Amino acid sequence: MQFLKSLEVRVRRLRNQFIAPLRYGGDAVFCPTCEQGFSTFLPAGTGERARPNAVCPGCRCRERDRLNWLYLQKNASELLFRHMQFLHIAPEPELGAYLEGEIGEGYITADLMRKDVMVRMDVQAIQYPNETMDALYCSHVLQDVPDDTAAIAEFYRILKPGGWAILNVPLFEEKTSESTKPDNVRASWDQRPDEHVRHYGHDYKLRLEDAGFEVDVSSAEDLEPDAKMRGRYGIDGARTGFIHFARKAPNS
C-alpha cells in the first residue's frame, strides 16, 4: 500500500508539472513557490468556506503556503543557516524541499500519523530534550490538537534561547472558542477530527506570549504593500491568514 501511495504522489507531481502549465497557461497570477505563471489559481473549500484563487495548479500550494514562502525567503539570511536544528511539523512538500535545501543535515520532519516523515511525534509530548532546536515550523496544526497549551509549552521547551518558531493557525473569530462536540474533544488525537477542536481568534497571540514567547504578527499587506501584487500572488483573500513569528528570548 505504501508503494502505491508513493506512486500516486509521483504521478500527481508529474501531472502538475507538465499538464497544469498547458491547461492553465497564462500570466495573470504567479506562484512564488514553484515560480510559475498561470491564468488563474484554483478554488478550494466548500459552502461558507469556499474561496476562489486559492490553490496553485502547479505545486498545489495554498494561500497560506505562498504567504509563508514569501516571509521565509524575505528573511532567509537572518533565519536560516546550514546544519541548524530545524523541526518541520506536518511538512508541506514544496516548502519542505526549499528548507531542506537551505539547511541540509539538521532538517527534521515530523508528524503524528503521516508515514512520509522522519519522526513520528505528538506535539503535546515531544521526545526531544530541552533547548534542542534552533527553529521549528508548525502551520495549521494546533487547531486539531486537544491540548494546545501543552503543545505550545513543548515548542518553547525544545527551542534554544534565541530560537524561533513560525506557529500559524487559521483565524476565524476575534476570540478563540473551543469545540463542544464530543467527537472533537478527546484526551488524545489518534485521528484528526471532522472539524477543528477550536476556532482561533486574534487572542491567539496571547496564548503564545503566555508560554513565554515574544511574538510578532505579520499580514499579507506587511509582506507585500502593493495590492496588485498581492492579487497576483493570490495572498489577498480573507483566508490567507497571518504569520505568527515567535521567538524565545536569548537569556531564557
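Quick caveat, the model's predicted, so the values are computed rather than measured.
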To check you understand the geometry: which heavy-atom pair defines the closest contact between Ala165 and Leu159, and what is its length? CB-CD1, 4.1 Å
Less than 4.5 Å apart, any side-chain heavy atom of Val145 and any of Val197? no
Measuring from Glu63:CD to Arg51:CZ, what's the distance to the nearest 0.5 Å? 4.0 Å
Honestly curious: do Ile152 and Ile166 fall in one hydrophobic cluster under the side-chain, below-4.5 Å linking rule? yes
Is the backbone N or O of Ala150 less than 3.5 Å from a side-chain atom of Gln124, with the two atoms forming a donor-acceptor pair by type? no
Distance in Å, Thr33 OG1 paired with Leu67 CG, rounded so as to fall on 0.5 Å steps: 10.0 Å
Is any NZ, NE, NH1 or NH2 atom of the basic residue among Arg114 and Asp116 found under 4.0 Å from an Asp or Glu carboxylate oxygen of the other? yes
Do the side chains of Leu206 and Val217 join up, straight or via other hydrophobic residues, at under 4.5 Å, putting them in one cluster? no
Would Gln143 and Tyr204 count as a side chain to side chain contact (heavy atoms under 4.5 Å, CB included) here? Give the steps. CA-CA 11 Å; Gln143 71 276 2; Tyr204 168 64; over 6 Å; no
Work out which heavy atom in Ala28 is nearest to a heavy atom in Ser39; give both atom names and the distance. CB-O, 3.4 Å
Thr176 versus Gly201, closest heavy-atom pair with distance: OG1-N, 3.0 Å
Would you call the rings of Tyr71 and Phe245 parallel, tilted or perpendicular, where under 30° means parallel and over 60° means perpendicular? tilted
Please round to the nearest 0.5 Å and tell me the distance separating atom CZ of Arg198 and atom CD of Glu178. 4.5 Å
Are any side-chain N or O atoms of Gln127 and backbone N or O atoms of Arg120, one a donor and one an acceptor, separated by less than 3.5 Å? yes
Please check this pair: side chain of Arg60 against backbone of Val55, looking for a donor-acceptor N/O pair closer than 3.5 Å. no
Side-chain contact test, heavy atoms from C-beta onward, threshold under 4.5 Å: evaluate it for Tyr156 versus Leu208 and give yes or no. no
Verify same cluster id: Leu112, Val117 (apolar side-chain graph, 4.5 Å): no
Between Glu94 and Asp65, is there a side-chain heavy-atom distance shorter than 4.5 Å? no
Measure up the Phe30 and Tyr233 rings against each other and bin them: parallel (under 30°), tilted (30 to 60°), perpendicular (over 60°). tilted
Could you tell me which non-hydrogen atom of Pro225 sits nearest to which non-hydrogen atom of Arg230, and how far apart they are? O-NH1, 3.0 Å
Are the aromatic rings of Phe86 and Trp164 close, with centres under 6.0 Å apart? yes
OG1 of Thr40 to CG of Leu42: how many Å apart, nearest 0.5 Å? 6.5 Å
Residues Glu100, Thr109; criterion side chain to side chain contact (heavy atoms under 4.5 Å, CB included); working and verdict: CA-CA 10 Å; Glu100 186 172 21; Thr109 58; over 6 Å; no
Can you tell me how far the CG atom of Leu72 sits from the OH atom of Tyr98, to the nearest 0.5 Å? 6.5 Å
Side chain to side chain contact (heavy atoms under 4.5 Å, CB included) assessment of Phe242 paired with His202: CA-CA 10 Å; Phe242 300 84; His202 290 279; 3.6 Å; yes
Step by step, work out the side chain to side chain contact (heavy atoms under 4.5 Å, CB included) result for Ile108 and His88. CA-CA 6 Å; Ile108 303 166; His88 191 173; over 6 Å; no
So, taking the atom named OG in Ser218 and the one named NZ in Lys74, what distance separates them when rounded to the nearest 0.5 Å? 7.5 Å
Could you check if a side-chain atom of Leu167 sits within less than 4.5 angstrom of a side-chain atom of Leu136, using non-hydrogen atoms only? yes
Group every Ile, Leu, Val, Met, Phe, Trp and Tyr by side-chain heavy-atom contacts under 4.5 Å, then state whether Met121 and Met118 land in the same group. yes
Taking C-beta and beyond as the side chain, do Leu70 and Glu224 meet within less than 4.5 Å on heavy atoms? no
Which atom names give the shortest non-hydrogen contact between Pro129 and Arg157, and what distance separates them? C-NH1, 3.4 Å
Please name the pair of heavy atoms, one in Gly58 and one in Phe38, separated by the smallest distance, quoted to 0.1 Å. N-CZ, 3.6 Å
Donor-acceptor check, side chain of Asn168 to backbone of His140, threshold 3.5 angstrom: yes or no? no
Would Arg66 pass as a cation-pi partner of Phe41, given that its NZ or CZ must be under 6.0 Å from the six-membered ring centre and within 45 degrees of the axis? yes
Any non-hydrogen side-chain atom of Leu171 less than 4.5 Å from a side-chain atom of His244? yes
Flag the pair Leu142 / Phe155 as yes when at least one side-chain heavy-atom distance between them is below 4.5 Å, and no otherwise. yes
Heavy atoms, side chains only, cut-off 4.5 Å: are Gln73 and Pro32 in contact? no
